[in-house]
Peer 1: 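If you scroll down you'll find the structure; I have some questions about it.
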Amino acid sequence: MIDEDELFNPEYVEVDRVLSESRFPPPEDAPEEPEAVYFLCKWRQLPYVVDTWDLEPVLDKTSIANYFEYMNPPAKVK
């Protein structure tokens with residue numbers, strides 16, 4: 001008999017890369033709340049069709065930093 005855990009690849013829950021971001025202002029009835037920041041995540045070993053939007057606090061900081069580094073490359077040095 002196959003154990004259910006044997007079928008689960010742990011890489012499925014690792015962020016491969018962050019593809020995009022989306023920011024939402026706080027609701028009008030609660031302006032003191034921070035804006036919500038979502039990132040579109042590509043997961044390791046999974047196709048792009050299962051990418052998900054996830055809130056910033058639940059993602060690892062390295063993936064987010066890599067995304068911003070890619071989106072804002074340093075100026076070319078002559």
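Values below: every heavy atom of this structure, side chains too, minus hydrogens, waters and symmetry copies.
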Peer 1: For F39 and W53, what are the C-alpha separation, side-chain angles and deciding distance, and is it a side chain to side chain contact (heavy atoms under 4.5 Å, CB included)?
Peer 2: CA-CA 5 Å; F39 290 94; W53 286 96; 5.6 Å; no
Peer 1: Minimum heavy-atom separation for P34 to P26, with atom names?
Peer 2: O-CB, 4.2 Å
Peer 1: Taking only residues two or more places apart in sequence or in another chain, which ones pass side chain to side chain contact (heavy atoms under 4.5 Å, CB included) with P27?
Peer 2: D29, A30
Peer 1: Side chains of residues 10-20: which donor-acceptor pairs under 3.5 Å do they make with residues two or more places apart or in other chains?
Peer 2:
unit_1: E11; atom_1: OE1; unit_2: Q45; atom_2: NE2; d: 3.2
unit_1: R17; atom_1: NH1; unit_2: Y48; atom_2: OH; d: 2.6

Peer 1: Could you work out, with side chain to side chain contact (heavy atoms under 4.5 Å, CB included) as the rule, every residue matching P47, not counting sequence neighbours?
Peer 2: V49, V50
Peer 1: Is it true that atom CD of E69 has more than 12 heavy atoms of other residues, nucleotides or ligands lying nearer than 6.0 Å?
Peer 2: no
Peer 1: Under the side chain to side chain contact (heavy atoms under 4.5 Å, CB included) rule, collect the residues that match up with E28, sequence neighbours excluded.
Peer 2: none
Peer 1: Of the non-hydrogen atoms in Y67 and E21, which two are nearest, and what is the gap between them?
Peer 2: OH-N, 3.5 Å
Peer 1: Given C41, which of L59, I64, V58, D51 fulfils the side chain to side chain contact (heavy atoms under 4.5 Å, CB included) condition?
Peer 2: L59
Peer 1: Quick test of your reading: applying ring pair (Phe, Tyr, Trp, His ring centres under 6.0 Å), list the pairs with at least one residue in residues 16-36, sequence neighbours left out, ordered by first then second residue.
Peer 2: F24-Y38
Peer 1: Just grab all the salt bridge (charged side-chain N to carboxylate O under 4.0 Å, His left out) pairs involving residues 52-62, residues at least two apart or on different chains.
Peer 2: none
